[in-house]
Asks: 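The following block contains the structure, expressed as structure tokens.
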Amino acid sequence: MNEPATVEEMLARLRQAEYLADTGLATALQLAVRLRHPLLLEGEAGVGKTEAAKALARVLDQPLIRLQCYEGLDVHDAVYEWNYGRQLLAIRRSESGGQALGDLYAEEFLIRRPLLQALAGGVLLIDELDRADDEFEAFLLEFLGEFTVTIPERGLFRAAAPPVVLLTSNRTRELHDALKRRCYYHWIEHPSPERELEILRARLPRLGAELTRGVATAVARLRALELRKPPGIAESLDWAQALGSLGAVRLDEDAAERTLGVVLKYREDAELVLGRGLAAVVGA
Ligand SMILES: Nc1ncnc2c1ncn2[C@@H]1O[C@H](COP(=O)(O)OP(=O)(O)OP(=O)(O)O)[C@@H](O)[C@H]1O
Ligand SMILES: [Mg+2]
């Protein structure tokens, strides 16, 4: 694996992968890769947690193995499953053909889910762990500690080398201390207006400078208000793109009012912003 040798190189290569990180995040990622230590990323919605893992996989030129967590996620979705259909077919074949039935728990019947796949290498993203239940989190403790998986019918699977593991949480609930103890931790802040502008320019190079600057400034001001859902980078990108597609060359009050639903997703938030006057958000 071609790993960045320094934090500076990590930053530069993330940038090549179209991810503009700050030094803090690049350092956390560098340590996670170098020391093969799981890294827990938290931050508000849309600050770039999922994208950090995708970009890291591109930097390392490794496959991204993603486990999207949800309530009720269990071992069969996360680790492995037996292919019942194929097992049944094998049984039928042996019955009708009269030959001896082979091993129903042979490799060919094993469906590898993300955690088992990750033992063979790659960047493992365990996304939105706060959505999974406590039981799954408890199961993960063992996985993150040993990087082994036990399949009763086949025994112990061990990673040849520990995989790179990133976990994310939106903090809809707190994760357990035991899990946090096994991870490094990094809180991703909203970007500074300067970095946000760089992201907009990198991702939407065809938009005019005045428009992107206006969006970066306005989004920073919106985040300073007491909103229910402050806009993330995803919303800035959407906003700039929407304005561009409407032919706007700058963000003025009129353009902002017409497109407010692209960036604010709660009626209360829109009312608060309109109540204070859009001039405060888009003004020079
Ligand atoms: N540092 C960055 N550089 C470039 N693009 C970024 C950066 N951070 C985020 N983005 C872009 O912003 C969008 C949102 O990012 P992402 O989906 O990773 O957020 P998230 O933190 O995982 O949000 P959620 O909690 O809603 O899942 C994506 O389109 C992503 O490409
Ligand atoms: Mg995400």
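First listed ligand is number 1; within each ligand, the first listed atom is number 1.
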Asks: To which protein heavy atom is atom 1 (N) of ligand 1 closest, and what is the distance rounded to 0.1 Å?
Replies: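 Atom 1 (N) of ligand 1 sits closest to the protein heavy atom L20 O, 2.8 Å.
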Asks: List-wise, which protein N, O or S atoms are found short of 2.8 Å from the Mg ion (ligand 2)?
Replies: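 Near the Mg ion (ligand 2), below 2.8 Å, one finds T50 OG1.
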Asks: What protein heavy atom sits nearest atom 12 (O) of ligand 1, and how far off is it?
Replies: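 For atom 12 (O) of ligand 1, the nearest protein heavy atom is I233 CG2, 3.5 Å.
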Asks: Which atoms of ligand 1 sit under 4.0 Å from any heavy atom of V47?
Replies: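 Listed by number with element, the hits are 8 (N), 19 (O), 21 (O).
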Asks: Which residue owns the protein heavy atom closest to atom 23 (O) of ligand 1, what's the atom, and how far is it?
Replies: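 Here the nearest protein heavy atom works out to G46 N, 2.7 Å.
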Asks: So, does K54 sit close enough to ligand 1 that a heavy atom of it is under 4.0 Å from the ligand?
Replies: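 For ligand 1, residue contact (heavy atoms, under 4.0 Å) with K54 is absent.
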Asks: Is there a side-chain contact between F143 and L119, using heavy atoms and a 4.5 Å cut-off?
Replies: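 Side-chain contact under 4.5 Å: yes.
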Asks: Decide, yes or no, whether a salt bridge links R223 with E235 under the criterion of side-chain N to carboxylate O below 4.0 Å.
Replies: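 Here R223 does not pair with E235 in a salt bridge, since their nearest N and O are not under 4.0 Å apart.
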Asks: Specify the protein heavy atom at minimum distance from atom 19 (O) of ligand 1: its residue, its atom name, and the distance to 0.1 Å.
Replies: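 The answer is G48 N, 3.2 Å.
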Asks: Can you tell me which portion of I188 lies within the under-4.0 Å heavy-atom range of ligand 1? Options are side chain, backbone, both, or neither.
Replies: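 None of I188 does.
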Asks: Apply the salt bridge (Lys or Arg N to Asp or Glu O under 4.0 Å) test between D127 and each candidate in K54, R66, K49; give the one that qualifies.
Replies: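 Passing option: R66.
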Asks: Who's the nearest protein heavy-atom neighbour of atom 31 (O) of ligand 1, and how far?
Replies: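 Minimum-distance protein heavy atom for atom 31 (O) of ligand 1 reads R203 NH1, 2.6 Å.
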Asks: Select one of side chain, backbone, both or neither to describe which atoms of N170 lie under 4.0 Å from any atom of ligand 1, heavy atoms only.
Replies: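 It is the side chain that gets close, since no backbone atom is under 4.0 Å.
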Asks: Are the side chain of R182 and the backbone N or O of A178 linked by a donor-acceptor pair below 3.5 Å?
Replies: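 Here the side-chain-to-backbone pair exists.
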Asks: Which residue owns the protein heavy atom closest to atom 7 (C) of ligand 1, what's the atom, and how far is it?
Replies: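 Residue, atom and distance for the closest contact: Y19 CE1, 3.6 Å.
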Asks: Is the ring pair H37/Y184 parallel, tilted or perpendicular, if the boundaries are 30 and 60 degrees?
Replies: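 Because their plane-to-plane angle is under 30°, the rings of H37 and Y184 count as parallel.
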Asks: Do Y19 and L200 land in one hydrophobic cluster if side-chain heavy atoms of ILVMFWY residues count as linked below 4.5 Å?
Replies: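 Different clusters: Y19 never reaches L200 through Ile, Leu, Val, Met, Phe, Trp or Tyr contacts under 4.5 Å.
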Asks: Quick one: look up the protein heavy atom nearest atom 14 (C) of ligand 1 and list residue, atom name and how far away it is.
Replies: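 Result: A234 CB, 3.6 Å.
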Asks: In terms of residue, atom name and distance, what is the protein heavy atom nearest to atom 17 (O) of ligand 1?
Replies: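 Residue, atom and distance for the closest contact: T50 CB, 4.2 Å.
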Asks: More than 12 heavy atoms of other residues, nucleotides or ligands under 6.0 Å from CZ of R131: yes or no?
Replies: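 12 or below, so no.
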Asks: Of the listed options (E51, R171, R195, E128), which comes nearest to atom 28 (C) of ligand 1 when hydrogens are ignored and any heavy atom counts?
Replies: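 Comparing heavy atoms across E51, R171, R195, E128, the nearest one to atom 28 (C) of ligand 1 lies in E51.
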Asks: Heavy-atom count around E142 CD within 6.0 Å, excluding the residue itself: above 12?
Replies: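 Count not over threshold, so no.
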Asks: Where the side chain of Q117 meets the backbone of R112, is there a donor-acceptor pair that is under 3.5 Å apart?
Replies: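 Judged by distance alone, yes, a pair lies under 3.5 Å.
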Asks: Can you see which heavy atom on F109 is nearest to which on L104, and at what distance?
Replies: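 Distance-wise, the nearest heavy atoms are CD1-O, 3.2 Å.
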Asks: Please name the pair of heavy atoms, one in Q62 and one in G122, separated by the smallest distance, quoted to 0.1 Å.
Replies: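 So the minimum-distance heavy-atom pair works out to OE1-N, 3.4 Å.
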Asks: Would you say I199 and L56 are hydrophobically clustered, going by side-chain heavy atoms of ILVMFWY under 4.5 Å?
Replies: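 As far as the 4.5 Å side-chain criterion goes, L56 and I199 are not connected within one cluster.
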